[in-house]
Amino acid sequence: MNNIKNKIGTAFVVPALCVLSVACDSDSHQYRDTSQPVVIDFNVDHHDFSALFSDYPQGQEGFFELASSYQPLPTPYEDKHAYRLYGSNRSDDLFMGLYGKIDNLKPAKRYNLSFKATIVTNIQSNCAGIGGPPGESVYIKVATHSAQPKNSLKDGMYRLNWDIGTQGERGEHSQVVGDISNGIDCMAENRYLAKEMTAEVSIPVTANDNGDVWVMVGSDSGFEGPSELFISHISVAFTD
């Protein structure tokens with residue numbers, strides 16, 4: 001247990017200048033040093049990330065109980081901060097995401113992005129649920145695109161402008177890296193655990209004309225019930 005708790009405080013430690021909107025080069029006219037990963041540690045700061053919910057009917061935010069906040073983690077990580085996402089999947093396909101921008105890249109240059117993400121979850125493993133288990137059928141995805149993620153209305157449903165796939169399937173802009181189950185057997189001890197996940201392959205993306213790409217981590221649910229997760233760390237590496 002101590003090993004898990006220590007991991008939250010020490011994972012992805014790199015120089016603070018290498019996160020998001022601050023270029024790693026002292027000369028602001030130089031492009032970002034992509035030999036180093038971009039590390040987003042939400043214990044340090046909120047990093048201007050925002051929550052986004054998709055795949056639900058217009059005007060049904062209350063019925064779906066959609067909520068997000070930047071807040072302290074639950075015990076035993078109460079001295080750390082993270083982003084909380086919560087929603088009740090009444091559409092059998094609710095997406096809950098957290099997104100932000102990486103800037104100062106070379107405009108129109110193609111990159112390959114490799115992701116690591118750490119969540120904190122108390123959803124037990126091997127439980128039964130409507131539509132699928134509450135842990136293993138709530139898939140964690142990482143994604144990237146040159147355009148900011150936004151919803152549009154299609155037949156009364158909010159749909160994302162990125163192709164992230166459906167539930168356990170990857171999309172053009174996404175990879176599935178795991179699920180929100182925490183490895184504790186169903187009906188056993190209920191406690192929050194940190195879970196680190198790594199994308200098996202990189203995702204290609206071309207920086208926009210401003211030299212920006214957008215990155216996102218979120219859940220795509222097949223469980224027809226409430227889900228909660230805390231996103232504590234994201235690491236993005238640029239690979240050949």
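Position 1 is the first residue of the sequence, and the numbers go up from there.
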Distance from Y99 atom OH to F49 atom CZ, nearest 0.5 Å?
-> 10.5 Å
Does any N or O in the side chain of Y56 come within less than 3.5 Å of the main-chain N or O of R159, such that one atom is a donor and the other an acceptor?
-> no
Between H173 and D163, a side-chain donor and acceptor under 3.5 Å | no
For the residue pair Y192 and E228, confirm or rule out a side-chain donor-acceptor distance under 3.5 Å.
-> yes
Enclosure of D155 CG (heavy-atom neighbours >12, cutoff 6.0 Å) = no
Would you say the side-chain atoms of Y139 and E169 include a donor-acceptor pair closer than 3.5 Å?
-> no
D55 and S91 side chains, donor-acceptor separation under 3.5 Å = no
Gap between atom CZ of F230 and atom NZ of K80 - 0.5 Å precision | 15.5 Å
Look only at the side chain of N43 and the backbone of H81, and say whether a donor-acceptor pair between them is shorter than 3.5 Å.
-> yes
Distance-only, no hydrogens or angles: does the S181 side chain make a donor-acceptor pair with backbone N or O of S125 under 3.5 Å?
-> no
Rounded to the nearest 0.5 Å, what separation is found between the CD atom of Q124 and the CG atom of N190?
-> 5.5 Å
Point-to-point distance, once rounded to the nearest 0.5 Å, from OG of S232 to CD of E196 | 9.0 Å
Starting at CD1 of I180, measure out to CD1 of I119 and round the result to the nearest 0.5 Å.
-> 6.5 Å
Taking the side chain from N210 and the backbone from D212, do they hold a donor-acceptor pair closer than 3.5 Å?
-> no
Side chains of L105 and V213 in contact at under 4.5 Å (non-hydrogen atoms) = yes
